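Report on one structure; see the data block that follows.
Keep in mind that what you see is a predicted model, and the values were worked out from it rather than measured. Computed over heavy atoms, backbone and side chain alike; hydrogens, waters and symmetry mates excluded.
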Amino acid sequence: MSTTVDWIVAVRFGQSGLVVDILRRDISIPLVDCSFWSDFTEEDERFFIGSLQSFTFKTIHHLSLKQNYAKYIRAIGILMQMIMGFPYEVSAIKEKDVTVLSDLTSEQITQSRKQDIPLYVHHLFKYIAQNVKKVEMNLEEMNCDTDYASDGCWGYSKLKHLFFENGQVN
């Protein structure tokens with residue numbers, strides 16, 4: 001995957017579409033600085049080479065609509081880590097994350113769309129929900145919140161009421 005660290009270059013390439021911001025993490029993802037090798041050095045390109053590490057999306061910018069979907073992308077990222085059974089390793093889960101996930105899951109259950117959720121996000125979450133084939137929840141993580149914050153890990157206790165009822169998966 002070819003990327004750039006230059007916002008202006010990203011906007012030029014994605015002018016009528018989307019630009020994705022990837023969260024910088026302290027994990028090793030094979031990356032080559034291609035700016036010296038490129039015919040277009042002003043693009044400040046980076047080239048990612050296959051890795052077992054996943055990216056954490058920080059946000060998606062919808063350029064033609066001038067929208068930034070950061071709060072939705074963060075909440076979806078939290079959910080994806082949760083259903084893979086991993087602790088969340090970005091920051092503590094906030095009440096606004098809970099609200100966003102509650103709204104998104106409610107839309108899927110009722111098969112309706114709230115007007116305050118952008119259409120792109122509505123479709124993105126719908127496709128994610130349709131394509132998830134396996135859910136592995138770590139029950140220990142579901143009962144934690146900031147218990148392991150000093151290790152850079154947060155649990156999902158704030159989300160538990162969205163997915164459990166009377167101690168059982170809902």
Side-chain angles (χ1 to χ4, degrees), residues 1 3 5 7 10 18-31 46 48 50-62 65-170:
M1 176 173 70
T3 64
V5 294
W7 173 251
L18 305 172
V19 171
V20 176
D21 283 350
I22 300 170
L23 189 66
R24 185 179 302 227
R25 306 262 320 271
D26 291 336
I27 57 175
S28 177
I29 297 177
L31 169 73
R46 304 299 189 271
F48 289 96
S51 173
L52 297 177
Q53 298 292 332
S54 60
F55 292 116
T56 300
F57 292 146
K58 185 175 181 180
T59 187
I60 296 176
H61 300 272
H62 199 276
L65 297 178
K66 296 182 172 78
Q67 292 189 339
N68 181 345
Y69 303 135
K71 73 178 185 179
Y72 302 104
I73 300 309
R74 175 181 158 84
I76 292 169
I78 291 169
L79 178 67
M80 298 308 291
Q81 286 298 109
M82 185 185 82
I83 67 174
M84 289 188 293
F86 297 119
Y88 192 59
E89 297 179 334
V90 176
S91 67
I93 295 170
K94 300 167 180 56
E95 284 305 317
K96 67 181 179 180
D97 301 320
V98 176
T99 300
V100 168
L101 280 174
S102 178
D103 290 346
L104 289 171
T105 55
S106 175
E107 277 192 343
Q108 291 307 301
I109 292 167
T110 62
Q111 295 184 352
S112 61
R113 179 173 167 253
K114 289 181 144 193
Q115 291 302 319
D116 58 329
I117 295 179
L119 184 60
Y120 174 81
V121 173
H122 172 79
H123 287 299
L124 174 66
F125 194 75
K126 179 176 103 176
Y127 298 134
I128 289 170
Q130 289 173 348
N131 289 308
V132 168
K133 303 293 185 228
K134 182 177 171 182
V135 173
E136 292 185 31
M137 290 179 139
N138 181 329
L139 295 180
E140 183 178 342
E141 300 298 337
M142 293 305 297
N143 292 316
C144 292
D145 183 20
T146 59
D147 307 44
Y148 302 103
S150 61
D151 296 328
C153 298
W154 290 269
Y156 303 102
S157 65
K158 290 179 182 163
L159 298 175
K160 192 169 182 178
H161 72 278
L162 298 177
F163 304 101
F164 289 81
E165 191 172 304
N166 299 323
Q168 297 181 339
V169 176
N170 181 7

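Residues satisfying the side-chain contact (heavy atoms from CB on, under 4.5 Å) criterion with Q115, sequence neighbours excluded, are R113. When the side-chain hydrogen bond (donor to acceptor under 3.5 Å, both in side chains) test is applied to K114, the partners found at least two apart in sequence or on another chain are D103. Partners of Q108 by side-chain hydrogen bond (donor to acceptor under 3.5 Å, both in side chains), not counting sequence neighbours: none found.
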Criterion side chain to side chain contact (heavy atoms under 4.5 Å, CB included) on F163 and M82, from CA distance to verdict
CA-CA 11 Å; F163 304 101; M82 185 185 82; 3.4 Å; yes

Step by step, work out the side chain to side chain contact (heavy atoms under 4.5 Å, CB included) result for L79 and L159.
CA-CA 9 Å; L79 178 67; L159 298 175; 6.0 Å; no

Please report the C-alpha distance between V90 and R74 in whole Å, then the side-chain angles of each, then the deciding distance to 0.1 Å, and finally whether the side chain to side chain contact (heavy atoms under 4.5 Å, CB included) criterion is met.
CA-CA 9 Å; V90 176; R74 175 181 158 84; 4.2 Å; yes

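Note: K158 NZ to T99 OG1 = 11.0 Å, rounded to the nearest 0.5 Å. Distance check: I78 CD1 to K94 NZ gives 7.5 Å after rounding to the nearest 0.5 Å. Here the straight-line distance linking atom CD1 of I93 with atom CG of L101 works out to 8.5 Å at 0.5 Å rounding. Here S106 contributes atom OG and I117 contributes atom CD1; the two are 8.0 Å apart, rounded to the nearest 0.5 Å. In this structure, NE2 on H122 lies 9.5 Å from CG on L104, to the nearest 0.5 angstrom. Here CG of L18 is found 6.5 Å from CD1 of I60. Values are rounded to the nearest 0.5 Å.
A 4.5 Å side-chain heavy-atom check between Q81 and W154 finds every atom pair outside the cut-off. Side-chain atoms of H161 and S102, non-hydrogen and from C-beta on, never get closer than 4.5 Å to each other.
In terms of modelled atom types and a separation under 3.5 Å, the side chain of Y156 and the main chain of Y88 share a donor-acceptor contact.
Sorted by first and then second residue, the salt bridge (Lys or Arg N to Asp or Glu O under 4.0 Å) pairs involving residues 161-170 (not counting sequence neighbours) form an empty list.
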Only distances under 3.5 Å count here; give the side-chain donor-acceptor pairs of residues 137-149 to other protein atoms, sequence neighbours excluded, each with its distance to 0.1 Å.
| residue | atom | partner | partner atom | Å |
| --- | --- | --- | --- | --- |
| N138 | OD1 | E140 | N | 2.9 |
| N138 | OD1 | E141 | N | 3.3 |
| E140 | OE2 | Y148 | OH | 3.3 |
| N143 | OD1 | K160 | NZ | 2.5 |
| N143 | ND2 | L139 | O | 3.1 |
| D147 | OD1 | D145 | N | 3.0 |

Side-chain donor-acceptor pairs of residues 124-136 under 3.5 Å, sequence neighbours excluded:
| residue | atom | partner | partner atom | Å |
| --- | --- | --- | --- | --- |
| N131 | ND2 | Y127 | O | 2.8 |
| K134 | NZ | E136 | OE2 | 2.9 |

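Atom CG of D116 is surrounded by more than 12 heavy atoms from other residues, nucleotides or ligands within 6.0 Å.
Across all their heavy atoms, A70 and N68 have their closest contact at N-OD1, 3.0 Å.
Ring pair H62/Y69 is tilted by interplanar angle, where 30° to 60° counts as tilted.
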